[in-house]
Every structure is written in structure tokens, then in C-alpha cells.
Amino acid sequence: MCPSGRHALAVQALLRERYIPEITKIEHYDGTKVEAPLPVPWYPDELAWWMTTPKNVVRRYPPFAAFQKYLVSETSVGNISRQEVVSMIPPLLMDIEPGMTVLDMCAAPGSKAAQLLEMVHLGEEARVRQALRKYAKEDGREASPGPDLTNEESLETDSGDYGRTTGLLIANDSDYKRSHMLIHQLKRLSSPNLIVTNHDATLFPSIKLPPTKENPAPNRYLKFDRILADVPCSGDGTCRKNPNLWVDWSPANALGLHITQVRILVRALQMLKAGGRVVYSTCSLNPVENEAVIASAIDRCGGLEKVRLLDTSQRLV
């Protein structure tokens, strides 16, 4: 569920109060109950749910038909994004805060980018409501009731545009057709804080910034607070759902991608602000595509004196 204020709460309430009670009434032929959707235990605020029910069971029982229709309609308007549970992990490790400039280097088809975009806008609805109340009070008016700030959010966290987020997400992909898929996925969220680009991630261009009164330097370039490098990979970690991968598996699959992966990660580190964070991820289990890439990129960027590794082992417990 996309955490956009009241919409997420409404979707969550419908799931709990209407659809799950109907699904839990269904029994298999042997009398056992059908397993209902469950919240993903490590995802914040129970905004991610998963379901392990096979397709043949979903097709057999009418309550599932109504539930599936509901999911499709909510997905089409951007209130729900459907994706693999494991693909939700990298965005959660980025610690995005309001006002940050974020880059997703290999964004298509867009499920992770949608997560990042929601994080860029997190708390915006409540901040805008607070701004409306503030200026209504100054004008001697009463603002209509709405959601209050939660989780210690305040107007000052991103106050540059009357509470509206001043952050930015650039979602990039090198493939032209996949970039269209990316646009289709992200346009559901109707965000003005999004730029979609179609460029080779290994050669992602430096973006020159115009001089301002605060910073009149003529040669300033955009640096990012957070960068996600979910790089192209052999995909051998997806063998659970795609066992045919083993038929064509070869050491050459990973070796052929290693240099590209290193170049993408090095380019990410070059575009990062001091103190910023890059999250590198693959859907491979091969050390050639994971540990070896990270070691090579750190070595090329000045070693551990310049690049620090973060321990995230306890983040999603």
C-alpha cells in the first residue's frame, strides 16, 4: 500500500474489515481454511501485505474474484503497488528524508522507484494541512479538519514550499522500451517531483545547476543524497520462481556483467554528496556480481578512507 496519508489507511481498513473476513471463511475440500493475506512483519506500519494462495485456489472461490477486482482497481489509481516482497528491501535501507534528492539508476519496471517516490512525499499531506491551518489562522479563518502530524514530523522538515515536498526523484533506465514501462508505473502517483530519464547508467551525465544568489558559482553540478543502483544481473537468485534459469546457467553469465555493474556503482559514488548513501542490489547470489563488484568499486574510488560500508543487518528485524 502506498503510504499517502488517508488513502493508505482506507485501503488498509477495507482489507482488514471487508476482504480478509470473507477470505477466512473459505475452506478447502479437506476442511482446512484458506490462508488470508498477512502483513509483511518487517515493513513499517503494516503497509505491505503478502499472500501465498496459489492461482488455482484464487480462481476457484468467488470471494477471491471480488478481492482481485479490488486490487486491480486500486493498483490502476496508484493506491497499491504489486511487487515481489524481496524487491521492497533496497528502498527501505536508503533512509530517505523529506527534501532529499534521489536517483534510481536502473529503475524499470518501476516498483522500487514507486516506493522511493512515496518516501520523497512522506508526510507531505500533513505538512500541507498544517501550513493551511497556519495561514488560515493568520487570516482569521478556520481551516477544515484534517490529519494531524505524526511520528514527530513538522513543517520545518521540508518547509520550502508551504509544506509541499521539495525533494526530487530522478528515475533512469537505459532501455527505451523499459523506460515507457517505468513512466506507466510512476504516472499513477501524479508527482511533480519526478524526472524520468533514458540514459546509460554507466555514463549518467553530470547535471549542471544554474548559479543562484546564495551560490553564484558558475560550475555547480547536481549531487544526490541517496542513490539506488539495482543493477542488471544474471538473476540466478530468482531460481525459486524460475527454475529454468539453471538450464542456461553458466559462470560466463556473471562474468560478462561484472564490469558493467562496477561501472554503474562507481558512477553512483561519483555523483553522491559527501555523507550520502548508495544502496547496491542485485537479484543474484553470485559473489562475482555482489561482493566482488563492491570491493572493486570501493578500490577505484579511493578505498575505505573515502567510502564507508554500513551494517544494515539489524535494520529490518
Side-chain angles (χ1 to χ4, degrees), residues 1-8 43-45 47 78 81 88 90-105 107 110-135 146-172 182 186-197 204-217 220-230 268-280 308 310 312 315:
M1 280 169 276
C2 300
S4 52
R6 289 170 291 179
H7 291 294
Y43 203 93
D45 303 320
L47 289 173
S81 287
M88 300 177 185
L92 290 180
L93 301 178
M94 294 182 71
D95 276 346
I96 294 174
E97 298 174 3
M100 283 187 169
T101 303
V102 184
L103 172 64
D104 189 349
M105 299 185 75
S111 60
K112 295 183 184 70
Q115 266 183 282
L116 297 176
L117 193 56
E118 287 289 342
M119 292 173 182
V120 167
H121 285 278
L122 188 63
E124 181 180 48
E125 184 179 6
R127 291 196 305 273
V128 169
R129 174 63 58 182
Q130 181 168 313
L132 289 173
R133 288 173 179 168
K134 174 184 176 182
Y135 290 105
D148 292 317
L149 292 173
T150 57
N151 300 328
E152 299 181 358
E153 294 166 348
S154 68
L155 189 61
E156 287 70 31
T157 57
D158 196 2
S159 58
D161 190 16
Y162 302 102
R164 296 193 181 279
T165 185
T166 58
L168 171 68
L169 171 66
I170 298 179
N172 175 72
L182 178 61
L186 296 179
K187 71 179 182 181
R188 301 173 305 126
L189 303 180
S190 302
S191 171
N193 301 67
L194 168 70
I195 297 174
V196 176
T197 58
F204 195 84
S206 297
I207 300 172
K208 192 170 184 178
L209 300 174
T212 62
K213 289 182 179 179
E214 294 78 16
N215 197 331
R220 289 195 309 130
Y221 293 90
L222 181 65
K223 295 290 186 179
F224 295 92
D225 298 286
R226 299 287 187 268
I227 299 177
L228 175 61
D230 184 46
L269 292 169
Q270 290 171 342
M271 295 187 292
L272 195 66
K273 287 181 182 178
R277 179 179 302 186
V278 172
V279 171
Y280 174 85
R308 183 163 61 95
L310 295 179
T312 60
R315 286 296 308 276

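Sequence positions, counted from 1, serve as the residue numbers for this chain. Side chains included, hydrogens not; waters and symmetry mates left out as well; all remaining heavy atoms used.
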Seminar exercise, completed: Closest non-hydrogen atoms of L182 and G110, given as atom of the first, atom of the second and distance, are CD1-CA, 3.6 Å
Exercise. Can you check whether I170 reaches I207 side chain to side chain, under 4.5 Å on heavy atoms?
Worked result: yes
Exercise. Does some side-chain heavy atom of L92 sit less than 4.5 Å from a side-chain heavy atom of M119?
Worked result: yes
Exercise. Which value, rounded to the nearest 0.5 Å, describes the distance between L169 atom CG and L186 atom CG?
Worked result: 7.0 Å
For this session: Examine distances only and state if a side-chain atom of T165 and a backbone atom of E124 form a donor-acceptor pair shorter than 3.5 Å.
Result: no
Exercise. Quick one: does K223's side chain have a donor or acceptor within less than 3.5 Å of a partner on Q270's backbone?
Worked result: yes
For this session: Report yes if some heavy atom in the side chain of L228 is under 4.5 Å from a heavy atom in the side chain of R226; otherwise report no.
Result: no
Exercise. Ignoring hydrogens and geometry, is there a side-chain-to-backbone donor-acceptor pair from N172 to F204 under 3.5 Å?
Worked result: no
For this session: Would you name the heavy atoms of A268 and M105 that are closest together and state the gap between them?
Result: CB-SD, 3.5 Å
Exercise. Nearest 0.5 Å, what's the CD1-CG distance between I227 and L116?
Worked result: 12.0 Å
Problem set entry | Within-4.5 Å side-chain heavy-atom neighbours: L189 and H121 | no
For this session: Answer yes when D95 and R277 have at least one side-chain N-carboxylate O distance shorter than 4.0 Å, and no when they do not.
Result: yes
Exercise. Do the side chains of V279 and T312 get nearer than 4.5 Å, heavy atoms only?
Worked result: no
For this session: Compare all side-chain heavy atoms of R188 with those of S81 and state whether any distance is below 4.5 angstrom.
Result: yes
Exercise. Going from CD on E118 to CD1 on I96, what distance comes out if it is rounded to the nearest 0.5 angstrom?
Worked result: 11.5 Å
For this session: List the steps, then state whether salt bridge (Lys or Arg N to Asp or Glu O under 4.0 Å) holds for D104 with K112.
Result: CA-CA 8 Å; D104 189 349; K112 295 183 184 70; over 6 Å; no
Exercise. Nearest 0.5 Å, what's the CG-CG distance between L103 and D225?
Worked result: 11.5 Å
